[in-house]
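Only one structure is covered here, and it is reproduced in the block below.
Both backbone and side-chain heavy atoms feed into the values below; hydrogens, waters and symmetry mates do not.
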Amino acid sequence: MCTREELDRADRDPVTMKFLLAAHLMKEELDEARFLWQRLPASLRRHPELEELWGIARGVIQGDPAHIYLPSPTVLQSLVINSHRTRTFRSISRVYRSLSLVDFQTLTGLPDRTAALEEVGNLGWEFYFRVRRTEESVRTNRTNLEN
């Protein structure tokens, strides 16, 4: 649907392209986001907000959390970042049985220990010296993923 919207519009203004790029990223359509970026004229690629959003996209595509989680994102960037963070929580829930708090913070972009510990509790995990999933959180996450 996003690509159809892009192709139906004769004017490629930065605002429209910014929202289309964000929509692809929030839907986890990374190839579509990359192709959209490649189709943009050079003049639009130099637009500051599009460049910043593309920086987030590159971080997601390359698996580089340092480029995903910006210190002071715009509202649209926050939506993209939170969408990615939610998918990261799901992935961590499936992949890791235990994880250091520092690694958890790096993968999720949570800025401080307090925010990370709060999210660990929200996920139903426990914190000892490492973040650990509880068996109850495993069952809950499976149920949530199946729905």
Side-chain angles (χ1 to χ4, degrees), residues 1-7 12-40 44-147:
M1 182 172 139
C2 295
T3 305
R4 177 171 289 146
E5 176 69 22
E6 175 201 355
L7 296 174
R12 289 184 165 185
D13 63 292
V15 173
T16 302
M17 295 299 115
K18 177 177 67 172
F19 282 103
L20 288 173
L21 182 58
H24 284 308
L25 293 173
M26 288 189 289
K27 292 170 62 178
E28 203 173 9
E29 296 173 345
L30 301 180
D31 287 336
E32 293 296 329
R34 188 169 43 87
F35 294 145
L36 171 64
W37 181 256
Q38 291 172 349
R39 287 191 300 268
L40 289 177
L44 284 179
R45 287 187 191 182
R46 288 189 296 270
H47 188 272
E49 290 181 68
L50 273 168
E51 279 184 325
E52 288 177 359
L53 200 53
W54 178 243
I56 295 171
R58 270 197 331 259
V60 171
I61 291 167
Q62 296 171 353
D64 184 3
H67 289 96
I68 299 169
Y69 303 108
L70 304 175
S72 54
T74 65
V75 173
L76 186 60
Q77 291 168 348
S78 291
L79 290 171
V80 171
I81 290 168
N82 288 336
S83 172
H84 176 72
R85 185 175 282 139
T86 300
R87 284 192 301 277
T88 301
F89 288 150
R90 284 192 200 128
S91 295
I92 290 171
S93 295
R94 286 189 302 245
V95 174
Y96 293 96
R97 178 138 178 92
S98 70
L99 181 69
S100 75
L101 188 60
V102 171
D103 289 342
F104 182 79
Q105 284 180 257
T106 301
L107 290 171
T108 59
L110 293 169
D112 58 41
R113 183 181 174 93
T114 306
L117 287 172
E118 182 178 326
E119 195 56 48
V120 165
N122 291 342
L123 291 169
W125 296 1
E126 298 171 341
F127 178 74
Y128 292 98
F129 293 105
R130 295 176 65 84
V131 174
R132 288 191 339 189
R133 292 184 318 199
T134 62
E135 290 307 313
E136 181 61 33
S137 72
V138 171
R139 285 190 292 276
T140 303
N141 286 334
R142 280 190 192 132
T143 304
N144 290 339
L145 291 173
E146 291 169 0
N147 293 333

Query - Heavy-atom closest contact (Gly59 atom, His67 atom, distance) - result: CA-CB, 4.0 Å
Query raised in the report: If you look at every heavy atom in Ala115 and Leu110, which pair is closest and at what distance?
Result: O-CD1, 4.1 Å
**Report entry** Of all pairs that satisfy side-chain hydrogen bond (donor to acceptor under 3.5 Å, both in side chains), the ones with a partner from residues 108-118, not counting sequence neighbours
**Finding:** none
**Report entry** Partners passing salt bridge (Lys or Arg N to Asp or Glu O under 4.0 Å) against Glu51 (at least two apart in sequence or in another chain)
**Finding:** none
Value rounded to 0.5 Å, distance of [atom1] in [X] from [atom2] in [Y]:
{"X": "Leu21", "Y": "Met26", "atom1": "CG", "atom2": "CE", "value": "10.0 Å"}
{"X": "Ser83", "Y": "Glu28", "atom1": "OG", "atom2": "CD", "value": "7.5 Å"}
{"X": "Ile56", "Y": "Asp64", "atom1": "CD1", "atom2": "CG", "value": "12.5 Å"}
{"X": "Leu99", "Y": "Trp125", "atom1": "CG", "atom2": "CH2", "value": "6.5 Å"}
{"X": "Phe89", "Y": "Glu119", "atom1": "CZ", "atom2": "CD", "value": "3.5 Å"}
{"X": "Asp31", "Y": "Leu36", "atom1": "CG", "atom2": "CG", "value": "12.5 Å"}

Contacts of [X] that satisfy side-chain contact (heavy atoms from CB on, under 4.5 Å) - sequence neighbours left out:
{"X": "His84", "value": "Val60, Ile68, Tyr69, Arg87, Thr88"}
{"X": "Gln38", "value": "Arg34, Phe35, Arg45"}
{"X": "Ser91", "value": "Arg94"}

Distance-only check: which donor-acceptor pairs under 3.5 Å involve side-chain atoms of residues 75-82, not counting sequence neighbours?
| unit_1 | atom_1 | unit_2 | atom_2 | d |
| --- | --- | --- | --- | --- |
| Gln77 | OE1 | Thr74 | N | 2.9 |
| Gln77 | NE2 | Glu52 | OE1 | 2.9 |
| Ser78 | OG | Thr74 | O | 3.0 |
| Asn82 | OD1 | Arg85 | NH1 | 3.4 |
| Asn82 | ND2 | Ser78 | O | 3.2 |

Report task. Apply the side chain to side chain contact (heavy atoms under 4.5 Å, CB included) test between Trp54 and each candidate in Ile61, Leu40, Leu25; give the one that qualifies. Result -> Ile61
